[in-house]
Amino acid sequence: MLDIRRVRSNPQEVLKALERRHADLKLDAFLALDEQRRRLLVEVETLKNQRNTVSEQVGKMKKAGQDAEPLMLQMRDVNQGIKEKDEIIRGLDEKIQAILYNIPNIPHTSVPEGKDEQDNLEVRRWGERPQFDFPAKPHWEIGEGLDILDFERGGKVTGARFTFYKGLGARLERALINFMMDTHAHAGYTEVFPPFIVNKYSMIGTGQLPKFADDMFKLDGLDYYLIPTAEVPVTNMHRAEVLDVQELPKAYCAYSACFRAEAGAAGRDTRGLIRQHQFNKVELVKLAHPEKSYEELEKLTNDAERILQALGLPYRVVCLCAGDIGFSSAKTYDLEVWLPSFNTYREISSCSNFEDFQARRADIKFRPAPKAKAEFVHTLNGSGLAIGRTVSAILENYQQADGSVIVPEVLRPYMRVDVITKR
RNA sequence: GGAGAGGUGGCUGAGCUGGUCGAAGGCGCUCGACUCGAAAUCGAGUAGGCUGUGAAAGGCCUCGUGGGUUCGAAUCCCACCCUCUCCGCCA
């Protein structure tokens, strides 16, 4: 959420900054409603002031044994006016909130211009792409060949986009979670195991609601949602809190299952592990001092990259252009891993600085100095990494002619085998 | 799920027979005095949001949340949420 005062006082500046997103936005309705609201507010507050003063007077008169009946009668009328105006104001408030909640964040000045993913800027590449002297198979074929992935039965038991991992596949999934968590915890992130279900306030806090309700699974009859990412519970952990400046930056790593309805993704990535309704992910979350948040974004991105490096997976870092960054983000780096069967790099991590956009929604502040006024923190997060896509990348990049898959060095202590072969 | 108790400012804890209560006292914190310095002691200050303004002053709202009663509610009524204790059930 943007600062309402900023939108009010500099609508042109805000509009101009948002134009970079290539999202068609207008603020006329907002400005009109806002002005109307403030005018009514002055009116109703004058009436309330009158009520308060007169009520006090009534109390005094009664104590003195005087007749206060006329005043009380008069106040009854005043109350009617208050009630009516309050009603209108409440309606305006709702409309204004709705508009404000649906305005995306302003891209940072360092974010490149551009309309869609075509215009994203490659920042760097790492690693050697593997050369195969045999036709490289897609990960689902490798997985089914080794009997470690079972898409058929996932479909039977639940539905499309659900998968069973079996044997060394299941162990690989678990090994990756543990390896990533261990690595990040060692790098200074505090380990968190969050709830996988959150209430709507948390979803609003990080920006999933109200705009993206269709993308989520909601529990029937409850205001509870399955989390689409650990970002939601972990960031909201500090909702409505004022943190001590010394606590910043707060850095968390959290494993969670993630649930996404994938509305509008029908027909895309229908095979394999790339796009599932349920997947695992290790997430990094930071709450940072506003002056340090961009520094922290670079560090967080590097921390995620280190996982790919340790696993020996070729990847590139892309800075998303203004037209492609997410709704809540001010700047985003995507990490894209090389997938031989796709002959392309595919997103495996997304690292963003949300500045105070989420903090304002979730009311997360810090006190810069002992007596100073509390300010909003900057929130950041990034995948470190998406487990399912990491499995895909390992299977494809480490596949051998006989259909087996070499286990990356760093995972061997967790896997207790060097090669995944068909049993 | 059943029975009971409770949710007040950074913390603790009064108020809850409705009327200068945004809220006593204590602790903590900040500033000042005292001191060579510190402790102790003394004095002053110490919630947030909205609105308003050039900036102020001022005004409105907030005692878990949302309604209601009333001229007036932290105090009365209703609903909901959360916490604690006991019982039941359960991985």
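Side-chain atoms are counted along with the backbone in the values below, which use heavy atoms only and exclude waters and symmetry mates. Protein chains get the first letters and strands the later ones, always in sequence-line order, with residue 1 at the start of each. Fair warning: this is a prediction, and the values are worked out from it, not measured in the lab.
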Check: Residues in ring pair (Phe, Tyr, Trp, His ring centres under 6.0 Å) with A:Phe354, at least two apart?
Finding: none
Next item on the list: Measure the distance from CZ on A:Arg51 to C1' on B:C61 and round it to the nearest whole Å.
Entry: 11 Å
Notebook entry, point to check: Taking OH from A:Tyr224 and C1' from B:C82, how many angstroms apart are they, rounded to a whole number?
Noted result: 10 Å
Next item on the list: Run the ring-centre check on A:Tyr398 versus A:His139 and record whether the distance is less than 6.0 Å.
Entry: no
Item checked: Upstream residue (5' side of RNA chain B) when A:Lys48 and A:Arg76 are each assigned their closest nucleotide -> A:Lys48
Donor-acceptor pairs are to be reported for all side-chain atoms of residues 161-180 of chain A against protein atoms at under 3.5 Å, with residues two or more places apart or in another chain.
unit_1	atom_1	unit_2	atom_2	d
A:Arg161	NH1	A:Arg268	O	3.3
A:Arg161	NH1	A:Asp269	O	3.3
A:Arg161	NH1	A:Arg275	O	3.2
A:Arg161	NH2	A:Ala265	O	3.2
A:Arg161	NH2	A:Arg268	O	3.3
A:Thr163	OG1	A:Gln276	OE1	2.7
A:Thr163	OG1	A:Gln276	NE2	3.4
A:Tyr165	OH	A:Glu173	OE1	3.2
A:Lys166	NZ	A:Asp147	OD1	3.1
A:Lys166	NZ	A:Asp150	OD2	3.3
A:Arg171	NH1	A:Met415	O	2.6
A:Glu173	OE2	A:Asn280	ND2	2.7
A:Asn178	ND2	A:Arg174	O	3.4

Item checked: Worked verdict on A:Phe279 versus A:Phe259 for ring pair (Phe, Tyr, Trp, His ring centres under 6.0 Å) -> CA-CA 7 Å; A:Phe279 62 96; A:Phe259 303 90; 8.6 Å; no
Output a table of nitrogen or oxygen pairs between the protein and nucleotides 49-51 of chain B separated by less than 3.5 Å.
unit_1	atom_1	unit_2	atom_2	d
B:G49	OP1	A:Lys365	NZ	3.0
B:G49	OP2	A:Lys373	NZ	3.3
B:C50	OP1	A:Arg5	NH2	3.2
B:C50	O2'	A:Arg37	NH2	3.4
B:U51	OP1	A:Arg8	NH1	3.3
B:U51	OP1	A:Arg8	NH2	3.1

Distances under 3.5 Å between protein N/O atoms and the N/O atoms of nucleotides 17-23 of chain B, please, pair by pair.
unit_1	atom_1	unit_2	atom_2	d
B:G19	N2	A:Ser55	O	2.8

Next item on the list: Ignoring backbone atoms, test whether A:Asn52 places a side-chain nitrogen or oxygen under 4.0 Å from the OP1 or OP2 oxygen of B:C61.
Entry: yes
Margin query: Can you tell me the base-pairing partner of B:A47? Count Watson-Crick or G-U wobble geometry only, both distances below 3.5 Å, and say none if there is no partner.
Written below: B:U62
Next item on the list: Tell me whether the OP1 or OP2 atom of B:C60 has a side-chain N or O from A:Asn49 closer than 4.0 Å.
Entry: yes
Note to self: Please determine whether a side-chain nitrogen of the Lys or Arg among A:Glu296 and A:Lys299 lies less than 4.0 Å from a carboxylate oxygen of the Asp or Glu.
What the structure shows: yes
Check: Taking the side chain of A:Arg90 as heavy atoms from C-beta outward, which of B:G67, B:C71, B:C60 is closest to it?
Finding: B:G67
Next item on the list: Write down the distance between CG (A:Asn79) and P (B:G68), rounded to a whole number of angstrom.
Entry: 11 Å
Next item on the list: Would you please indicate if the ring centroids of A:Phe217 and A:His277 are separated by under 6.0 Å?
Entry: yes
Next item on the list: Could you tell me which residues satisfy side-chain hydrogen bond (donor to acceptor under 3.5 Å, both in side chains) with A:Glu375, sequence neighbours excluded, listed by chain and number?
Entry: none
Check: Can you name the ring pair (Phe, Tyr, Trp, His ring centres under 6.0 Å) partners of A:Phe196, sequence neighbours left out?
Finding: A:Phe193
